[in-house]
Amino acid sequence: MEQKSRHPITTGCSMSGIKPAMLDLPYPPIQVQCRNQDYAAMLAFDYCGPVSELSAITQYINNENRLCLSDCTLARTLLAIAMAEMMHLQKLGELIQLLGGEVSFAVTQPGGKREVWTPEYLTLSRDTRRMLCADVEAEQDAIAQYRAHIRKINDECVNAVLRRIIRDEEYHIMLLQGLMEELH
């Protein structure tokens, strides 16, 4: 049986003052040339598919929670990246709506099968190096998926936003690789 302490147990890791880990560059206006359900369905995968902003946010927050007791600097950086991913999720949601799609936590696969987002999409580890490697891989997969979508989407307004998101994802990879180099 655990004994009650007279003093609260805390992490000692303050998360106050954290800003999203984003490049200091403006985002293009969130607009579309015209409604397009196919484009909206494609962006739904970036929003909440296996490789998505929702998956990234959840994975980063989980990793931050696992690290806040042992490595405050690393935990704060992961939270800052998660905050940037939240901004990406919000921008994608607006684009999906403008394109005439519906923002939900499900995607429609080719053939019509609907899949709901699941934490099974995440790669979670207790080992810090493996955790960061999984985060880098997820960022690389997201960049590849965004580039594939840019090739299929014939809407410069949408593509400008996706290209700007890619810039942040590349920045995240640089931050994560720097953190990996600092590990003992």
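Quantities reported herein were computed from a predicted structural model and do not represent experimental measurements.
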Novice: Answer yes if V107 and Y39 sit in the same cluster of Ile, Leu, Val, Met, Phe, Trp and Tyr residues linked by side chain heavy atoms under 4.5 Å apart, and no otherwise.
Specialist: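 V107 and Y39: separate clusters.
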Novice: L162 versus I153: any side-chain heavy-atom pair under 4.5 Å?
Specialist: yes
Novice: Could you go through I165 and L92, starting from their C-alpha distance and side-chain angles, then the distance that decides it, and tell me whether this counts as side chain to side chain contact (heavy atoms under 4.5 Å, CB included)?
Specialist: CA-CA 10 Å; I165 290 173; L92 289 169; 4.2 Å; yes
Novice: Do E139 and E85 come close enough that some side-chain heavy atom pair is under 4.5 Å?
Specialist: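 Yes, their side chains come closer than 4.5 Å.
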Novice: If you take all heavy atoms of S14 and C72, which pair is closest and at what distance?
Specialist: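 Heavy atoms of S14 and C72 come nearest at N-SG, 4.3 Å.
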Novice: Determine, using the 4.5 Å side-chain heavy-atom cutoff (strictly less than), whether F45 and V103 are members of one ILVMFWY cluster.
Specialist: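 In one cluster with F45: V103, no.
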Novice: Should L175 and L25 be regarded as members of a common hydrophobic cluster, given that ILVMFWY residues are connected when their side-chain heavy atoms come within less than 4.5 Å of each other, either directly or indirectly?
Specialist: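 Yes, one cluster joins them.
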Novice: Determine whether the side chains of T58 and S55 contain a donor N or O and an acceptor N or O closer than 3.5 Å.
Specialist: no
Novice: Are any of the side-chain heavy atoms of E94 and Q31 separated by less than 4.5 Å?
Specialist: no
Novice: Work out which heavy atom in S104 is nearest to a heavy atom in C48; give both atom names and the distance.
Specialist: O-SG, 3.5 Å
Novice: Any sub-3.5 Å donor-acceptor pair from Q59's side-chain atoms to L124's backbone N or O?
Specialist: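 No: the side chain of Q59 does not pair with the backbone of L124.
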Novice: Does CD belonging to Q109 count more than 12 external heavy atoms closer than 6.0 Å?
Specialist: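 Yes, CD of Q109 has more than 12 neighbouring heavy atoms, counting only those of other groups under 6.0 Å.
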Novice: Could you state the interatomic distance from OG1 (T108) to CD (Q37), rounded to the nearest 0.5 Å?
Specialist: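 CD of Q37 is found 10.0 Å from OG1 of T108.
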Novice: Is it the case that the side chains of Y27 and D168 hold a donor-acceptor pair, with the cut-off being a distance below 3.5 Å and no angle test?
Specialist: yes
Novice: So that I can confirm a possible disulfide, could you see if the SG-SG distance for C68 and C13 falls below 2.5 Å?
Specialist: no
Novice: Testing N65, L74, I18 one by one against L79 for a side-chain contact (heavy atoms from CB on, under 4.5 Å), which residue passes?
Specialist: I18
Novice: Please find the pair of heavy atoms, one from R76 and one from S16, that lie closest to each other, and give the distance.
Specialist: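 Where R76 meets S16 most closely, the heavy atoms are NH1-O, 3.4 Å.
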Novice: Could you measure the distance from the CZ atom of R130 to the CD atom of E137? Nearest 0.5 Å is fine.
Specialist: 13.5 Å
Novice: Under a 3.5 Å threshold, yes or no: a donor from one side chain and an acceptor from the other, between D135 and N63?
Specialist: yes
Novice: Looking at every heavy atom in both V136 and L176, which two are closest together, and how far apart are they?
Specialist: CG2-CB, 3.6 Å
Novice: Hey, what do you get for OG1 (T77) to NE2 (H172), rounding to the nearest 0.5 Å?
Specialist: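 Result: 11.0 Å between the selected atoms.
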Novice: Working to the nearest 0.5 angstrom, can you tell me the gap between L43 CG and D38 CG?
Specialist: 11.0 Å
Novice: Search all heavy atoms of R35 against all heavy atoms of G100 and return the closest pair with its distance.
Specialist: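 Between these two residues, the closest heavy atoms are NH1-CA, 3.0 Å.
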Novice: Quick check for you: to the nearest 0.5 Å, what is the distance between L98 atom CG and D155 atom CG?
Specialist: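 Between atom CG of L98 and atom CG of D155 there are 10.0 Å.
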Novice: Compute whether any side-chain donor of one residue and acceptor of the other, for Y146 and H88, lie under 3.5 angstrom apart.
Specialist: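 There is no such pair between these side chains.
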Novice: Does any part of the side chain of V51, heavy atoms only, come nearer than 4.5 Å to the side chain of D46, both counted from C-beta?
Specialist: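 Heavy-atom side-chain distance check fails, nothing below 4.5 Å.
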Novice: Indicate yes or no: does R129 engage E181 in a salt bridge with an N to O separation below 4.0 Å.
Specialist: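 Here R129 does not pair with E181 in a salt bridge, since their nearest N and O are not under 4.0 Å apart.
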Novice: Is there a side-chain contact between S52 and Y47, using heavy atoms and a 4.5 Å cut-off?
Specialist: no
Novice: Contact between R164 and L23 at the side-chain level, heavy atoms closer than 4.5 Å - yes or no?
Specialist: yes
Novice: Between CZ of R163 and CZ of R147, what distance do you get to the nearest 0.5 Å?
Specialist: 11.5 Å
Novice: Between L95 and V32, does a side chain to side chain contact (heavy atoms under 4.5 Å, CB included) hold up when you go through it step by step?
Specialist: CA-CA 7 Å; L95 287 173; V32 301; 4.0 Å; yes
Novice: Run the numbers on Q177 and C133 for side chain to side chain contact (heavy atoms under 4.5 Å, CB included), then give the verdict.
Specialist: CA-CA 8 Å; Q177 288 173 334; C133 284; over 6 Å; no
Novice: Mind checking whether L78 and L183 sit in one hydrophobic cluster, side chains of I, L, V, M, F, W, Y counted as touching below 4.5 Å?
Specialist: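 Cluster IDs for L78 and L183 match.
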Novice: Could you check whether any side-chain heavy atom of I173 comes within less than 4.5 Å of a side-chain heavy atom of I143, counting everything from C-beta outward?
Specialist: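 Of all side-chain heavy-atom pairs linking I143 with I173, at least one is under 4.5 Å.
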Novice: Can you find a heavy atom in the side chain of M83 that is under 4.5 Å from one in the side chain of K19?
Specialist: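 M83 does not reach K19 side chain to side chain.
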Novice: Taking CE in M87 as the centre, count heavy atoms belonging to other residues, nucleotides or ligands within less than 6.0 Å. Is the count above 12?
Specialist: no
Novice: Taking all atoms of both residues into account, what is the closest heavy-atom pair of L89 and L54, and its distance?
Specialist: CD1-N, 3.9 Å
